[in-house]
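Heads up: numbering here begins at 1 and tracks the sequence.
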Amino acid sequence: MFRHTKLLQFEAKPEKPDPVYAHKLQELIGGAFGEMTVTMQYLFQGWNCRIEGKYKDLIMDTATEEIGHVEMLATMVARLLEGAPATVTAEAVKDPVMAAMIGGMDVQQAIVAGGGALPADSNGTPWNGKYIVASGNLLADFRANVAAEAQGRLQTARLYNMTDDPGVKAMLQFNLARDTVHQKQWLAAIEELKADGLEEEIAPNALLDEEDQTHNHTIWHLSDGPDGAKGSSWTTDAGIEYLMEPEALGGPGTAPKPDPALYGTYAPLQDAKGTLKGKVKAKKK
């Protein structure tokens, strides 16, 4: 059950309208790392969580807070669009749609939302549920949450530097702070999962004995130069070997003969140079 409190979590009052910035701010609402994404990501993680108690409460508390962030941003967008396009460009262009375009406003904000926010990113691309990660494995999900909050904070920081409006900046300062604490909480929760014996370093902590033991401790050197091997924290310290001259382990990646009814262009397989079959033929010559 959710209840709506008719107060914003933090104030969302711009000093003056700015339809251009309202268009940009859509990224923090409906972008891949926007507030709609983390809202739905945390909600589904919480609903799918099989452990009642502190972990589920942490997830659901954060999910519910993120709903409030969407509300703040949607309110800010509507207020940034207040009077637009009429007071912004109507003197130059009488048609409202053309005025919106010239003013830099998202035309969809005018036509579809009636001067409000959209569940879309800054290009007008609709928000997509495929953005979210909710796997049921808390270690994997919490790591995804750290990344989501980091990307969201990065985009918020960039947008912070794109405005001089003190009201907008104040709200974004709050958002930056919440993104900071959310990164910290997920990192701490990862360590607590380990301390509680629920997860270990690798997610999932299963099939470790079944995996190919030859290839679970090597990094393949596939970039020019030796610099990659200098990272001691992910090589010697982690018990990982840096293979400077890795070799391909499989044969040619040739697709099978197509179904004749599909009319794919096809010719008999040529012996690839370097393959076992090719080497045998070369020796016979």
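Side-chain N or O atoms of D141 include one that pairs as donor or acceptor with a backbone N or O of S135 at under 3.5 Å. Although no hydrogens or angles enter the test, the distance criterion places no donor-acceptor pair under 3.5 Å between the side chain of T5 and the main chain of L7. Remark: side-chain polar atoms of H221 are paired, donor with acceptor, to backbone N or O of S223 under 3.5 angstrom. Between the side chain of D121 and the main chain of N123, a donor-acceptor pair closer than 3.5 Å is present. Remark: side-chain polar atoms of Y266 are not paired, donor with acceptor, to backbone N or O of P256 under 3.5 angstrom. In this structure, D18 contributes its side chain and V20 its backbone to a donor-acceptor pair below 3.5 Å. Between the side chain of Q108 and the backbone N or O of A117 there is no donor-acceptor pair closer than 3.5 Å. The main-chain N or O of L193 is found under 3.5 Å from a side-chain atom of Y55 such that the two form a donor-acceptor pair. A donor-acceptor pair under 3.5 Å is absent between the side-chain atoms of E241 and the main chain of G239, judged by distance alone.
Hydrophobic clustering (side-chain heavy atoms under 4.5 Å, transitive across Ile, Leu, Val, Met, Phe, Trp, Tyr) keeps L139 apart from I202. Under the 4.5 Å side-chain heavy-atom criterion for Ile, Leu, Val, Met, Phe, Trp and Tyr, F142 and L198 are members of the same hydrophobic cluster. In the hydrophobic clustering of this structure, M162 groups with V77; members are Ile, Leu, Val, Met, Phe, Trp, Tyr whose side-chain heavy atoms approach within less than 4.5 Å, directly or through other members. Side-chain heavy atoms closer than 4.5 Å link hydrophobic residues (I, L, V, M, F, W, Y) into clusters, and following such links, even through other members, never connects L187 to V181. Both F2 and V70 belong to a single network of hydrophobic side chains, linked directly or stepwise wherever heavy atoms of I, L, V, M, F, W or Y lie under 4.5 Å apart.
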Kindly list each side-chain donor-acceptor pair under 3.5 angstrom involving residues 28-44, sequence neighbours excluded, with atom names and distances?
{"unit_1": "T37", "atom_1": "OG1", "unit_2": "G31", "atom_2": "O", "d": "3.1"}
{"unit_1": "T37", "atom_1": "OG1", "unit_2": "A32", "atom_2": "O", "d": "3.0"}
{"unit_1": "T37", "atom_1": "OG1", "unit_2": "W127", "atom_2": "NE1", "d": "2.8"}
{"unit_1": "T39", "atom_1": "OG1", "unit_2": "E35", "atom_2": "O", "d": "2.7"}
{"unit_1": "T39", "atom_1": "OG1", "unit_2": "E66", "atom_2": "O", "d": "3.2"}
{"unit_1": "Q41", "atom_1": "OE1", "unit_2": "V133", "atom_2": "N", "d": "2.9"}
{"unit_1": "Q41", "atom_1": "NE2", "unit_2": "N145", "atom_2": "OD1", "d": "2.8"}
{"unit_1": "Y42", "atom_1": "OH", "unit_2": "E149", "atom_2": "OE2", "d": "2.7"}
{"unit_1": "Y42", "atom_1": "OH", "unit_2": "W186", "atom_2": "NE1", "d": "3.3"}

Could you pull out every donor-acceptor pair under 3.5 Å between side chains of residues 167-178 and any protein atom, sequence neighbours left out?
{"unit_1": "K169", "atom_1": "NZ", "unit_2": "Y160", "atom_2": "O", "d": "2.8"}
{"unit_1": "K169", "atom_1": "NZ", "unit_2": "T163", "atom_2": "O", "d": "3.4"}
{"unit_1": "Q173", "atom_1": "NE2", "unit_2": "Y160", "atom_2": "OH", "d": "2.8"}
{"unit_1": "R178", "atom_1": "NE", "unit_2": "E65", "atom_2": "OE2", "d": "2.7"}
{"unit_1": "R178", "atom_1": "NH2", "unit_2": "E65", "atom_2": "OE1", "d": "3.1"}
{"unit_1": "R178", "atom_1": "NH2", "unit_2": "E65", "atom_2": "OE2", "d": "3.4"}

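A donor-acceptor contact closer than 3.5 angstrom links the side chains of H69 and Q9. For the residue pair T62/Q185, the side-chain donor-acceptor check at 3.5 Å is satisfied.
Side-chain contact between D196 and K54 is present, with at least one heavy-atom pair separated by less than 4.5 Å. Using a 4.5 Å heavy-atom cutoff, the side chains of I219 and W234 are in contact. Taking 4.5 Å as the limit, some side-chain heavy atom of I59 sits within range of a side-chain heavy atom of L138. Using a 4.5 Å cut-off on side-chain heavy atoms (C-beta onward), L80 and P17 make no contact. Using a 4.5 Å heavy-atom cutoff, the side chains of L58 and D61 are not in contact. Between M76 and M72, the closest side-chain pair of non-hydrogen atoms is not below 4.5 Å.
A distance of 11.5 Å separates CD in E201 from CG in L208, rounded to the nearest 0.5 Å. A distance of 11.0 Å separates CG of L243 from CD1 of I240, quoted to the nearest 0.5 Å. The line from CG of L25 to CD of Q155 is 11.5 Å long, rounded to the nearest 0.5 Å. Distance check, rounded to the nearest 0.5 Å: CH2 of W220 to NE2 of H215 gives 6.5 Å. Here R153 contributes atom CZ and D179 contributes atom CG; the two are 7.0 Å apart, rounded to the nearest 0.5 Å.
Applying the 6.0 Å contact sphere to CD of Q213 captures more than 12 heavy atoms from other residues, nucleotides or ligands. Summarising the local packing, CG of D209 is surrounded by 12 or fewer heavy atoms from other residues, nucleotides or ligands at distances under 6.0 Å. The environment of CG in L207 is sparse: at most 12 heavy-atom neighbours from other residues, nucleotides or ligands sit within 6.0 Å. When the shell of 6.0 Å around CG of D164 is examined, it contains 12 or fewer heavy atoms from other residues, nucleotides or ligands. Applying the 6.0 Å contact sphere to CG of N161 captures more than 12 heavy atoms from other residues, nucleotides or ligands.
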Apply salt bridge (charged side-chain N to carboxylate O under 4.0 Å, His left out) to residues E82 and K13 and explain how you reach the verdict.
CA-CA 11 Å; E82 187 176 0; K13 277 188 179 178; over 6 Å; no
May I have the step-by-step check of side chain to side chain donor-acceptor pair (under 3.5 Å) for Q26 and Q109, ending in yes or no?
CA-CA 10 Å; Q26 282 287 155; Q109 288 174 328; 3.2 Å; yes
Salt bridge (charged side-chain N to carboxylate O under 4.0 Å, His left out) evaluation trace for K194 with E191:
CA-CA 5 Å; K194 297 176 188 176; E191 296 307 312; 3.5 Å; yes
Apply side-chain contact (heavy atoms from CB on, under 4.5 Å) to the pair H4 and I67, showing each step before the final yes or no.
CA-CA 10 Å; H4 178 240; I67 299 173; over 6 Å; no
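The nearest pair of heavy atoms linking S122 to K24 is CB-O, 3.9 Å. Of all the heavy atoms in P14 and A12, the pair that sits closest is CD-O, 3.8 Å. Scanning all heavy atoms of the two residues, the minimum distance from D165 to K16 falls at OD2-N, 3.3 Å.
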